[in-house]
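For reference, the structure discussed in these notes is given below.
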Amino acid sequence: MDRLCQAISGDLSGPPVVVGIHTGGVWLAQALRDRLWPQAPLSRLNISFHRDDFARIGLHPQVGASDMQEDVEGRTLLLVDDVLHTGRTVRAAMNELFDFGRPAAIRLAVLVDRGGRELPIAADYTGLQRDVAPDQQIKLEGPEPLTLVLR
């Protein structure tokens, strides 16, 4: 977490619109926001309707609306997720974000990059890079305390 905060604070001059992807990304976004920009509002993104794996896993039972606290038009967004794997979650999140307007830039922060990309998506800020077997998962549990679990 310290490495992630240091990378972000050294690169972004002012507070961006902080957007966490439901659920682990929201917990991480909250922690980053509390450390870097305590007064900034926190937006929560629910990507359920933009996922491309309905045929494989079905509709997630906790489908809900996104909660955007700030106007995204022309703003820099810090999109936050817990684990970057195939890139499909981030693609779905960007589709959802563009439903709210056209940001000037989107920067991606992830706690763990586990490799295994299926789409050409890379994080701008990464706390940890780990090679993980395809049959294993890394999951962030929380919100308090934030804990990484390898299964």
Side-chain angles (χ1 to χ4, degrees), residues 1-12 15-38 40-69 72 76-100 103 105-151:
M1 185 68 159
D2 291 336
R3 188 178 311 147
L4 190 56
C5 285
Q6 189 173 27
I8 293 168
S9 66
D11 189 45
L12 294 176
V17 175
V18 181
V19 182
I21 300 174
H22 180 74
T23 55
V26 173
W27 299 334
L28 182 58
Q30 172 96 42
L32 288 170
R33 195 259 340 239
D34 290 350
R35 281 189 178 191
L36 299 172
W37 310 283
L42 175 66
S43 295
R44 293 163 180 84
L45 204 59
N46 190 318
I47 62 165
S48 299
F49 290 119
H50 288 281
R51 295 199 59 100
D52 64 0
D53 54 4
F54 291 132
R56 197 165 38 102
I57 65 170
L59 189 62
H60 194 278
Q62 291 185 332
V63 172
S66 292
D67 177 22
M68 293 301 293
Q69 296 292 313
V72 302
T76 296
L77 311 182
L78 180 64
L79 180 61
V80 182
D81 202 9
D82 51 356
V83 178
L84 178 57
H85 183 208
T86 63
R88 293 183 182 278
T89 296
V90 175
R91 184 217 41 93
M94 288 191 296
N95 285 351
E96 175 77 6
L97 285 170
F98 280 100
D99 287 348
F100 291 95
I106 300 173
R107 301 288 182 253
L108 177 61
V110 298
L111 188 58
V112 180
D113 182 344
R114 62 161 289 167
R117 241 36 113 247
E118 294 174 3
L119 300 175
I121 291 176
D124 296 288
Y125 314 106
T126 303
L128 182 66
Q129 289 189 305
R130 286 287 184 259
D131 290 326
V132 178
D135 63 331
Q136 290 184 309
Q137 289 184 321
I138 297 177
K139 183 161 178 66
L140 184 65
E141 294 183 347
E144 290 295 329
L146 287 177
T147 308
L148 280 173
V149 178
L150 178 64
R151 294 183 187 157

> Under 6.0 Å from the CZ atom of Arg35, do we count more than 12 heavy atoms belonging to anything else shown?
Replying inline: yes

> So, for Arg33 and Pro41, which heavy atoms are closest and what is the spacing to 0.1 Å?
Replying inline: NH1-C, 4.0 Å

> After noting the C-alpha distance and the side-chain angles of Gln30 and Val18, does the key distance pass the side chain to side chain contact (heavy atoms under 4.5 Å, CB included) rule?
Replying inline: CA-CA 9 Å; Gln30 172 96 42; Val18 181; over 6 Å; no

> Between the main-chain N or O of Thr76 and the side-chain N or O of Arg107, is there a donor-acceptor pair closer than 3.5 Å?
Replying inline: no

> With sequence neighbours excluded, what pairs up with Asp67 under the side chain to side chain donor-acceptor pair (under 3.5 Å) test?
Replying inline: Gln69

>> Could you measure the distance from the CG atom of Leu4 to the CG atom of Leu32? Nearest 0.5 Å is fine.
In response: 5.0 Å

> Val132: what forms a side-chain contact (heavy atoms from CB on, under 4.5 Å) with it, not counting sequence neighbours?
Replying inline: Arg114, Arg130, Gln136, Ile138, Leu150

> Got a sec, which pairs hit salt bridge (charged side-chain N to carboxylate O under 4.0 Å, His left out) with one end in residues 134-151, sequence neighbours left out?
Replying inline: Glu141-Arg151

> Where do Gly24 and Leu140 come nearest, in terms of heavy atoms and distance?
Replying inline: O-CD2, 3.6 Å

> Which pair of heavy atoms, one from Leu42 and one from Val26, lies closest together, and at what distance?
Replying inline: CD2-O, 4.3 Å

>> Is it the case that the side chain of Ser66 and the backbone of Asn46 share a donor-acceptor pair, with hydrogens and angles ignored and the cut-off at 3.5 Å?
In response: yes

> Would you call Phe98 and Pro103 a side-chain contact if the rule is heavy atoms closer than 4.5 Å?
Replying inline: yes

> Quick one: CG on Leu79 to OG on Ser43, what's the gap to the nearest 0.5 Å?
Replying inline: 11.0 Å

>> I need the Asp113 CG to Leu84 CG distance, nearest 0.5 Å.
In response: 4.5 Å

>> One pair to check against side chain to side chain contact (heavy atoms under 4.5 Å, CB included): Tyr125 and Leu12. What are the steps and the verdict?
In response: CA-CA 11 Å; Tyr125 314 106; Leu12 294 176; 3.7 Å; yes

> Taking all atoms of both residues into account, what is the closest heavy-atom pair of Gly142 and Trp27, and its distance?
Replying inline: N-CZ3, 3.2 Å

> Are Trp37 and Leu78 close enough, and set up right, to give a side chain to side chain contact (heavy atoms under 4.5 Å, CB included), and what steps lead you there?
Replying inline: CA-CA 12 Å; Trp37 310 283; Leu78 180 64; 4.0 Å; yes

> What distance separates Leu77 CG from Leu97 CG, expressed to the nearest 0.5 Å?
Replying inline: 6.0 Å

> Does the Asp124 side chain pair with the main chain of Leu108, one donor and one acceptor, at a distance under 3.5 Å?
Replying inline: yes

>> Show the nearest heavy-atom pair for residues Ile121 and Gly87, with the distance to one decimal.
In response: CD1-O, 3.2 Å

> Nearest 0.5 Å, what's the CE-CG distance between Met68 and Leu45?
Replying inline: 6.5 Å

>> If I compare all heavy atoms of Gly20 with all of Ala29, which pair ends up nearest, and what's the gap?
In response: CA-CB, 3.7 Å

> Arg3 side chain to Gly127 main-chain N or O, any donor-acceptor pair under 3.5 Å?
Replying inline: yes

> Nearest 0.5 Å, what's the CG-CG distance between Asp81 and Leu28?
Replying inline: 8.5 Å

> Above 12 or not: heavy atoms from other molecules or residues under 6.0 Å from CG of Asp11?
Replying inline: yes

> Do His85 and Val112 have side-chain heavy atoms sitting under 4.5 Å apart?
Replying inline: no

